[in-house]
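Taking it in order: structure first as structure tokens, then the write-up.
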Amino acid sequence: MQKDDLIAVFRQMVPLTEADESLIRERCSKLEIGAKRLLVEPNVICQHVFFVTKGCARIIITKKSGEETSCYFAKEGDFIANYESFLQGIPSPYSIQTLEDCELLAIDRKGMEELFTLTSQGERIGRLIAEMIFVDTLERLTSFYTESAEERFESFMKRYPGLIHRIPQHYIATYIGVRPQSLSRIKKRSASLATLT
């Protein structure tokens, strides 16, 4: 069933043949991992692209001071990886951590290359994944320069519906770039505005 979920996502991108679907199933490995475990450690090459079928995870940037910033969350139906590290074989500057017990599909670099070269739409799938990552990164960067903390919180709510009840509040605070106390105030103001409309 997990692999059907991944194939459904690929089908939304491109048409797939039966041979394509069979190859995707063969190249994916199922992985079950508990909460608070590292999928990718900092300064280590990212060896897999992960597709979340159950649970959620985050990408963490750790400053020299030891302070952590959550810069991306992945829930059911999302991909998560350091794509640059994965494709270029260079150490990842950040880590990837599960936040809940997770069920994942993992594709290693050899398997991904085979998907790109052996499936009928492989190159297009690769390009679309790269475009999604680029757009996501650009939107995130733009929001920090153009949006207030309240607007970034609203963007978080739209982007990750339902996750506010699954992710510790201090992780959300680091994602939108505020202290946890400030996030509490933003949430109260947001709730107050919602009752007025």
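Keep in mind that this is a model prediction, so the values were computed, not measured.
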Over all atoms of both residues, closest heavy-atom pair of [X] and [Y]:
{"X": "Gln169", "Y": "Ile164", "answer": "NE2-O, 3.2 Å"}
{"X": "Asn82", "Y": "Ile96", "answer": "N-CD1, 3.9 Å"}
{"X": "Cys102", "Y": "Cys56", "answer": "SG-O, 3.4 Å"}
{"X": "Ala74", "Y": "Val52", "answer": "CB-CG2, 4.1 Å"}
{"X": "His170", "Y": "Pro180", "answer": "CB-CG, 4.0 Å"}
{"X": "Thr174", "Y": "Ser70", "answer": "OG1-N, 3.0 Å"}

**OP:** Name all residues meeting the side-chain hydrogen bond (donor to acceptor under 3.5 Å, both in side chains) criterion together with Ser155; count only those two or more places apart in sequence or in a different chain, and write none if there are none.
**Re:**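 Counting only residues at least two positions away or on another chain, Ser155 forms a side-chain hydrogen bond (donor to acceptor under 3.5 Å, both in side chains) with Glu147.
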Original post:
Can Thr137 and Arg140 be counted as having a side-chain donor-acceptor contact under 3.5 angstrom?
Top reply: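 Arg140 and Thr137 do not have a side-chain donor-acceptor pair below 3.5 Å.
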Original post:
Is it true that Lys158 and Glu139 have a side-chain N and a carboxylate O under 4.0 angstrom from each other?
Top reply: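 Here Lys158 does not pair with Glu139 in a salt bridge, since their nearest N and O are not under 4.0 Å apart.
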Subject >> Glu123/Arg127 ion pair, N-O < 4.0 Å >> reply: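 Not counted as a salt bridge, because no side-chain N and carboxylate O are separated by less than 4.0 Å.
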To the nearest 0.5 Å, tell me how far [X] [atom1] sits from [Y] [atom2].
{"X": "Ile176", "Y": "Glu154", "atom1": "CD1", "atom2": "CD", "value": "9.5 Å"}
{"X": "Phe153", "Y": "Lys187", "atom1": "CZ", "atom2": "NZ", "value": "6.0 Å"}
{"X": "Leu99", "Y": "Ile167", "atom1": "CG", "atom2": "CD1", "value": "6.0 Å"}
{"X": "Leu141", "Y": "Thr146", "atom1": "CG", "atom2": "OG1", "value": "9.5 Å"}
{"X": "Ile129", "Y": "Met112", "atom1": "CD1", "atom2": "CE", "value": "5.0 Å"}
{"X": "Ile7", "Y": "Glu21", "atom1": "CD1", "atom2": "CD", "value": "5.0 Å"}

Report yes or no: does [X] contribute a side-chain atom to a donor-acceptor pair with the main-chain N or O of [Y] at less than 3.5 Å?
{"X": "Arg109", "Y": "Gln47", "result": "no"}
{"X": "Ser85", "Y": "Cys46", "result": "yes"}
{"X": "Lys3", "Y": "Arg25", "result": "yes"}
{"X": "Thr53", "Y": "Glu103", "result": "yes"}
{"X": "Thr98", "Y": "Asp101", "result": "no"}

**OP:** For Leu183 and Ile172, run side chain to side chain contact (heavy atoms under 4.5 Å, CB included): C-alpha distance rounded to whole Å, both residues' side-chain angles, the deciding distance at 0.1 Å, then the answer.
**Re:** CA-CA 8 Å; Leu183 176 60; Ile172 298 171; 4.0 Å; yes
Check: [Y] and [X] side chains under 4.5 Å, non-hydrogen atoms:
{"X": "Asp5", "Y": "Leu105", "value": "no"}
{"X": "Glu151", "Y": "Ser143", "value": "no"}
{"X": "Leu128", "Y": "Phe10", "value": "no"}
{"X": "Pro42", "Y": "Thr62", "value": "no"}

Subject >> Criterion side chain to side chain contact (heavy atoms under 4.5 Å, CB included) on Ile80 and Ile59, from CA distance to verdict >> reply: CA-CA 8 Å; Ile80 190 166; Ile59 290 178; 3.8 Å; yes
Subject >> ring pair (Phe, Tyr, Trp, His ring centres under 6.0 Å) contacts touching residues 19-60 (sequence neighbours left out) >> reply: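 Qualifying pairs, neighbours excluded: His48-Phe50, Phe51-Phe79.
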**OP:** Taking salt bridge (charged side-chain N to carboxylate O under 4.0 Å, His left out) as the test, write out the residues that go with Glu18, two or more places apart.
**Re:**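 Expected list: none.
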Subject >> Stepwise side chain to side chain contact (heavy atoms under 4.5 Å, CB included) test for Asp20 and Val14 >> reply: CA-CA 11 Å; Asp20 292 339; Val14 296; over 6 Å; no
Original post:
Going only through I, L, V, M, F, W and Y residues with side-chain contacts under 4.5 Å, is there a path from Leu115 to Val9?
Top reply: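 Linked within one cluster.
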**OP:** Hey, can you tell me if Tyr175 and Phe73 have their rings parallel, tilted or perpendicular (30° and 60° cut-offs)?
**Re:**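 Rings of Tyr175 and Phe73: tilted, 30 to 60°.
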Subject >> Plane angle bin for Tyr160 and Phe156 - parallel if under 30°, tilted between 30 and 60°, otherwise perpendicular >> reply: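 Because their plane-to-plane angle lies in the 30° to 60° range, the rings of Phe156 and Tyr160 count as tilted.
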